[in-house]
Structures are given as C-alpha cells and as structure tokens.
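Notes for the one structure printed next.
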Number of protein chains: 2
Amino acid sequence: MGPNDTQGARPPLRGDAGITIRDVAKALNISHTTVSRALADSPKISDETKSRVRAVVAQMGYLPSASARMMRGRRSSLVGLIIPDIQNDFYATVAKIVADSLASHSMQLLLSVTDDNPDRELRELRAILETRPAGIVIVPTALPRPETCALLQNVETVQLVRVHADLAGSAVVIDDRAGIKAATRHLLDSGHTRLAFVGGDETLSTGRERLGGFQDALAERGLKAANISLGSPRPEFARYAVTSMMSARNRPTGIILGSAELTLGALQALRALKLDWPRDVSVVGYHDPAWFELAEGGITTVRLPVEDIATTATTVLLSRLDERQTSGASEVSPGTVQFEPSLVLRGSTRRL
Amino acid sequence: MGPNDTQGARPPLRGDAGITIRDVAKALNISHTTVSRALADSPKISDETKSRVRAVVAQMGYLPSASARMMRGRRSSLVGLIIPDIQNDFYATVAKIVADSLASHSMQLLLSVTDDNPDRELRELRAILETRPAGIVIVPTALPRPETCALLQNVETVQLVRVHADLAGSAVVIDDRAGIKAATRHLLDSGHTRLAFVGGDETLSTGRERLGGFQDALAERGLKAANISLGSPRPEFARYAVTSMMSARNRPTGIILGSAELTLGALQALRALKLDWPRDVSVVGYHDPAWFELAEGGITTVRLPVEDIATTATTVLLSRLDERQTSGASEVSPGTVQFEPSLVLRGSTRRL
DNA sequence: TTGTAGGCGTTATCAA
DNA sequence: TTGATAACGCCTACAA
C-alpha cells in the first residue's frame with residue numbers, strides 16, 4: 001500500500017500520461033529492472049524478453065520520462081535557443097537549421113524570444129536553466145544583465161552573430177565589417193559620394209562592426225558620411241531615419257542598411273515618400289530574404305551565410321558537449337568562428 | 001569543502017549546474033526543508049530566515065531543477081508547438097505570439113518543425129511527450145500517423161489552422177473558404193472570367209476549404225475554373241504550376257494563391273517569365289507578410305487574423321489546463337473557434 | 001518555527 | 001539472464 005491509500009483523497013493527477021516502466025513490468029510479470037535493460041538493449045537480456053518487452057511497450061504506449069532519466073544524472077536532450085525575434089527572417093532561418101540539426105541528434109529545441117529586452121533575456125535564461133539543458137545557443141542582447149553572464153558560465157554556450165565580451169563560450173559570427181565595406185565600396189565605385197548608413201546601436205557588436213565597415217570604406221576614398229543613423233534594429237527606426245534624411249536638403253544618393261529589418265523599414269519609408277529606387281536613391285540591403293528579389297527590380301544586398309553559421313553553431317555546441325563528456329572538464333579554448341558574406345547585385349543600385 | 005571532496009573518484013558529472021537545495025541549506029546550517037519552504041514563501045517560515053535563504057540562493061546562483069519538481073507530480077511548464085515550417089512568416093508569427101503568451105504565464109516553448117513529414121511529426125511528438133508537457137499546440141500534417149493520433153489523446157491538445165478529424169482536442173482555425181471566396185469574387189467583380197487557383201493538397205483541411213471557396217465563387221457566376229493546381233504548399237510547387245499555366249495558350253487573367261509560400265513562388269515564376277502584375281495577370285495572395293506591400297505596387301491579398309488565432313490557441317490551452325486541474329477530468333467539449341479573414345486591396349489586381 | 005522521512009520514475013550496482 | 005535496492009532533487013505529511 002502506497003501513500004495514496006487514504007480514502008477521501010483523490011488520486012494525485014494520475015490517469016494522465018502516467019504509464020511507467022513498472023506498469024510494463026507488472027503486465028509481463030518481470031522486474032522493472034529487466035524492462036529498463038531491455039529498452040536500453042542491454043546484452044545481458046535475452047532476445048525473447050526484449051521482444052516481449054517491446055511489444056507490451058508499444059501496445060501500452062509507454063514513453064520514458066525525461067525528468068526521471070535526468071534525475072539519474074543523464075544529460076538533457078534540450079538545447080535552449082535564445083534569440084531577439086523569431087519573425088525576423090534571419091533568426092527564423094537560424095531556428096529552422098538549429099532545430100533540424102538537433103532533431104538529427106535526437107535533441108530538442110527550447111525556444112526563447114527576448115525582444116532585445118535584457119530583463120526578459122534573464123528571465124528566459126533562468127527558466128531554461130531550470131530544465132538543466134545540454135547547452136545554449138544565444139544571440140545576446142546589447143547589454144545582458146550581469147546575472148545573465150554569471151549564469152551562462154555554468155552551461156555550455158555558443159554565442160551567435162553577436163558577441164558580448166562578458167560572455168564565456170564559443171562564438172560563431174559573420175564578418176560584418178567586410179560585408180558593409182563591400183556594400184559601401186560598390187556604391188562608391190558606382191560614382192556615389194553622398195552615402196548614408198542606417199544601422200543598429202553601437203552597444204551591439206554587430207552595430208559597431210557594420211558601422212566600422214561603412215567608415216572604413218569611406219576613409220579609403222577620403223570621404224565623409226552624408227548621414228549616419230544608429231538605433232534599435234527594427235523597421236520602425238529605419239522608417240523614421242530614412243524619412244528624415246530624405247526630407248532634408250542635400251539628401252544622400254545612396255543608403256546602406258545594417259540589417260534586413262532595417263532594410264524593410266527603409267523601403268517602406270521610401271514607398272511612403274513616393275521615392276523610387278534606384279531612380280531617387282540607391283539602396284543596399286543586408287541579409288537576403290526571398291522577397292528581396294521581388295521588391296521593385298530586386299534589392300542589391302549583402303548575403304549572409306545563415307546556413308553556415310547556424311549549422312556551425314550546433315556542430316560546435318554538440319562537439320563541445322561530447323568533449324566535456326569524455327575528457328572531464330572542457331579545457332578546449334572556446335574560440336570564434338567567422339564566416340564571410342557576399343554582395344549580390346540587383347536592381348536597387350545604379351551608377352551616378 | 002563541497003560534496004566533491006572525495007579523493008580518487010571523480011565527481012559524478014557534478015561541477016556542472018549542480019547546486020541543490022541541500023547545498024544552500026548546508027551553507028546556512030539549516031535543513032533543506034526550511035530552504036524549500038522559504039523559497040515557496042511558506043507562512044511557517046520566519047521573515048528573517050526567508051531573507052537569509054534568498055540571499056544565499058542569489059549568491060550561489062541556485063536554480064530549482066524542473067525535473068525534480070516534475071517528479072513530485074507538479075505540472076510541467078513546457079508547451080510543445082508543432083508546426084510545418086518556422087521560416088514561413090505565418091508560422092513564425094504564430095510562434096512569436098505563442099512564445100509571448102507562454103512567457104507571461106511562466107511557461108516555455110518546446111518547438112518542433114515537421115516539414116510536413118508525418119514520420120518526423122511522430123518522432124518529434126514522441127520526444128516532446130517524454131518531457132511530459134502541460135499541453136501541445138499542433139498544426140498537423142495532412143495525414144498524421146495513427147500512433148500520432150493515439151498519443152495526442154493523452155495530452156491536452158489544440159489544433160491550429162489545420163484540423164484533422166482523427167485528432168481530439170480543441171481547434172482554432174480561419175474561415176478559409178470565406179477568405180478565398182472573397183478573393184475570387186473580387187476578381188470576378190473586376191471583370192475576370194478566366195481564373196486559376198494554386199493551392200495546397202486536398203488532404204489538408206485548409207487545402208479543401210480554400211479550393212471550396214474558389215469553386216463556390218465561380219459557381220455563383222456559373223463559371224468554370226481556367227486552371228486548378230493543387231500540390232505541396234511550397235514556393236517550388238507554385239513556381240512550377242504558374243510557369244506551366246502561364247506558358248499554355250488561353251492562359252488565366254487572374255491567379256488566386258492558397259498560401260503565402262505559394263504566393264512567393266507564383267511571383268518568382270512571373271518574374272522569371274518576365275511577366276508583370278497586374279499588367280499581364282492579376283494576382284491575389286494569401287496572408288499578409290510585411291513585404292507584400294513592397295512587391296511591385298503591392299500585392300492584393302487575404303489578410304489572416306494570425307494574432308487572434310495564436311492568442312486564442314494559447315488561451316484555450318491554458319484555460320483547459322486550469323479546468324483540468326480544478327475539476328478533475330476535463331469534461332468540457334473541445335469545440336472549434338473560427339476567425340474571419342479580410343481582403344486587402346493593393347496594386348496586383350486590375351479591372352479587365 | 002524547524003527537522004525527518006519518504007517517494008516520484010529511472011538507471012546503476014550488487015547479488016542471485 | 002534476472003531481480004532487489006539505492007540514489008538523483010524536490011516537496012510534503014508528520015514529528016518535534
């Protein structure tokens with residue numbers, strides 16, 4: 001008799017998804033140990049027992065409890081993915097690839113969206129860590145809370161796209177500086193001299209690097225920027241920035257955008273101002289969602305190796321987990337992997 | 001000296017994220033029970049003890065183990081979201097809203113992508129169920145495996161967008177028939193008589209309903225379809241279908257698409273054929289991603305109440321969970337909630 | 001107000 | 001080849 005043999009009390013939430021290894025054992029009149037071993041395909045169990053166990057398991061719809069398994073100290077099959085925004089095509093692609101890679105390793109994706117809010121980032125991270133995940137892939141906010149950094153020290157972490165100095169762990173990034181530099185050079189080579197840049201905040205590593213690429217390219221020709229607008233990496237900000245710079249006199253002849261979301265906002269602003277690209281202004285986007293090809297003659301853009309970085313991030317994470325498992329502590333230096341973007345020429349830029 | 005001061009034996013995978021309630025208790029020279037109660041804010045614990053516990057907890061970075069908590073019979077904070085494709089703007093929006101709603105209830109999103117593959121759907125579902133989630137939100141594949149249906153009977157489930165008869169549980173859907181009917185009528189009212197429809201397979205509930213709407217509208221005017229192409233709901237299929245129907249003689253003057261991905265593919269095909277919309281053919285899309293506004297004069301489309309269905313899905317799920325918790329078994333009839341789409345007129349359709 | 005003693009479902013160790 | 005038993009971290013009925 002268990003603790004639930006009191007009369008009035010209702011059964012404690014059972015009747016749910018509560019088939020255990022012991023239920024299977026009872027049905028077969030064997031010990032639960034044997035069932036466990038049979039399911040683990042232990043060589044110590046006869047083939048006949050194994051197949052009888054498997055039959056009953058299938059018939060009863062038994063599924064092992066991940067929680068109980070974890071309690072015994074086995075590694076979790078969960079990997080946390082923390083990103084700013086899942087509607088952003090770039091991160092959606094990342095999520096897809098990470099999910100695919102994990103699935104092929106029988107692991108699962110715990111998704112958290114931060115909206116670039118450091119407090120939410122911390123809350124989501126705490127919640128994820130309560131599940132004791134195998135690892136974490138994170139696109140950190142601009143200024144993570146100190147506790148966020150502290151918590152991440154105790155779990156295998158890979159930083160994606162953005163890198164924050166206070167965070168340990170490997171990083172997989174894009175050569176943003178080179179990307180924007182190529183975009184800027186392209187417009188300079190086409191005869192433009194009044195160029196504007198709309199990018200993310202300088203508190204973001206990506207914001208700094210992309211701005212740096214723009215400035216590097218201008219410096220090569222001894223030119224000054226016509227306009228630089230930095231802010232939140234959302235369409236709203238680019239709408240505002242582009243609207244105001246295009247309404248001023250001596251407006252730029254070319255605009256370089258620092259993200260896909262900013263590109264969307266910039267095009268929306270031009271559309272609202274009844275300005276056409278490349279007639280009224282040349283535009284170079286960042287990242288290459290499928291629709292760039294369709295927007296009025298196609299958007300010239302910096303194509304990012306999204307597949308590469310996402311695949312690499314999971315590969316790095318999983319291999320570090322393996323190392324950690326075999327060689328005790330992970331002594332391998334975290335290190336950073338960087339991928340090169342490439343410029344795709346379409347109809348949104350023209351020679352002056 | 002921690003628990004890892006044994007000499008020869010290596011610590012059993014500890015050194016990881018292994019701070020337990022007992023470690024906190026030891027640091028304070030009190031029993032782990034007191035710590036547990038302090039964290040649960042039990043009235044039986046003195047305020048002084050509580051604050052001392054909280055201080056040490058914060059300082060040591062203790063986080064409760066979700067597994068251990070689950071083992072004690074408490075409900076999981078995980079909700080599984082099973083969708084065909086996270087790169088699809090429609091499902092990305094769904095994921096964002098579900099993630100937000102869950103976060104505000106201190107719950108987490110376990111994301112699975114099926115790629116519309118029933119076997120993968122089953123594998124992912126099994127993996128999710130091993131975590132004993134609180135519930136599941138699913139956009140089922142066209143033909144789920146019988147085991148998938150069987151497994152879903154033991155967990156609170158909400159079907160989203162697509163409805164499959166063999167699946168129990170509530171459903172939150174869009175009035176697809178009305179949506180496509182409105183799109184078709186719009187073209188008919190503009191003088192079109194040769195209309196084509198490109199949609200998803202009829203094995204999908206959405207495929208059947210959307211096709212039905214097209215046929216209903218034509219039947220009202222006593223017209224026949226110029227072309228109907230049904231297939232996989234991917235851009236590739238629409239590229240193929242539109243390319244072939246526009247290359248035939250007596251081609252349609254208007255095309256109605258049965259999904260956003262199909263719309264993308266259709267536009268790509270027209271672009272490749274050097275055909276312009278609405279000059280060479282009128283186009284009505286489905287769903288309204290931000291870029292529809294920017295694609296060559298804007299795409300006339302059927303706007304779907306994505307926010308509504310996603311919010312409702314989580315609301316329904318969470319409220320059913322509450323009912324289940326209070327009133328023993330959930331006896332409330334599952335039921336279906338349906339939302340109405342609306343037509344957005346832009347530049348991709350013209351009067352004939 | 002605090003402490004002791006189980007037990008949740010698994011797996012690993014030891015014994016038969 | 002199989003079985004009994006203990007332990008993982010947490011929560012709670014019961015005892016102090």
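In what follows, chains are A, B, ... by sequence order, proteins preceding strands, each numbered from 1.
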Under the 3.5 angstrom rule, does the side chain of B/Thr157 hit a backbone N or O of B/Val155 as a donor-acceptor pair?
yes
Quick check on DNA chain D: between B/Lys44 and B/Tyr62, whose nearest nucleotide comes earlier from the 5' end?
B/Tyr62
No-H, no-angle donor-acceptor pair, A/Arg72 side chain to C/dT11 base, under 3.5 Å:
yes
Using a 4.0 Å heavy-atom cut-off across all strands, classify A/Ser36 as base, sugar-phosphate, or nothing.
base
Output the single nucleotide from D/dC11, C/dT11, D/dG9 whose closest atom is nearest the side chain of B/Arg69.
D/dC11
Any N or O donor-acceptor pair linking the side chain of A/Thr33 to the base of D/dA4 at under 3.5 Å?
yes
Quick one: A/Ile45 CD1 to D/dG3 P, roughly how many Å, whole number?
8 Å
Main-chain N/O of A/Gln87 paired to A/Asp85 side chain as donor or acceptor, under 3.5 Å:
yes
So what does B/Ser31 hit on the nucleic acid, given a heavy-atom distance under 4.0 Å: a base, only sugar-phosphate, or nothing?
base
Rounding to a whole Å, what distance do you find between B/Ile19:CD1 and D/dC10:P?
10 Å
Between C1' on D/dC10 and CG on B/Asp23, what's the gap in Å once rounded to a whole number?
13 Å
For C/dT2, does either OP1 or OP2 sit under 4.0 Å from a side-chain N or O belonging to B/Thr34?
no
Distance check needed: D/dG9 P versus A/Glu130 CD, whole Å only.
15 Å
May I ask you to verify if any side-chain N or O of B/Thr49 is less than 4.0 angstrom from the OP1 or OP2 atom of C/dT2?
yes
Output yes when at least one side-chain N/O atom of B/Ser67 is less than 4.0 Å from OP1 or OP2 of D/dC10, else no.
no
Distance check needed: D/dC10 C1' versus B/Arg75 CZ, whole Å only.
18 Å
Would you call B/Arg145 and B/Asp166 a salt bridge, using N to O less than 4.0 angstrom?
no
Distance check needed: C/dG9 P versus A/Met60 CE, whole Å only.
13 Å
Are any of the side-chain nitrogens in A/Arg126 or A/Glu130 under 4.0 Å away from the carboxylate oxygens of its partner?
no
Rounded to the Å, how far apart are B/Lys26 NZ and C/dT2 C1'?
18 Å
Starting at atom CG of A/Leu63, determine the distance to atom P of C/dG9, rounded to an integer number of angstrom.
14 Å
Take B/Asn29 and B/Met71, find for each the nucleotide of DNA chain C with the closest heavy atom, and name the residue whose nucleotide sits nearer the 5' end.
B/Asn29
Using a distance-only criterion (donor-acceptor N/O pair, under 3.5 Å, no hydrogens), is the base of D/dG3 paired with the side chain of A/Arg37?
yes
Between the side chain of B/Thr314 and the main-chain N/O of B/Ala310, is any donor-acceptor distance below 3.5 Å?
yes
Does A/His32 make a side-chain donor-acceptor contact with the base of C/dT11, cut-off 3.5 Å?
yes
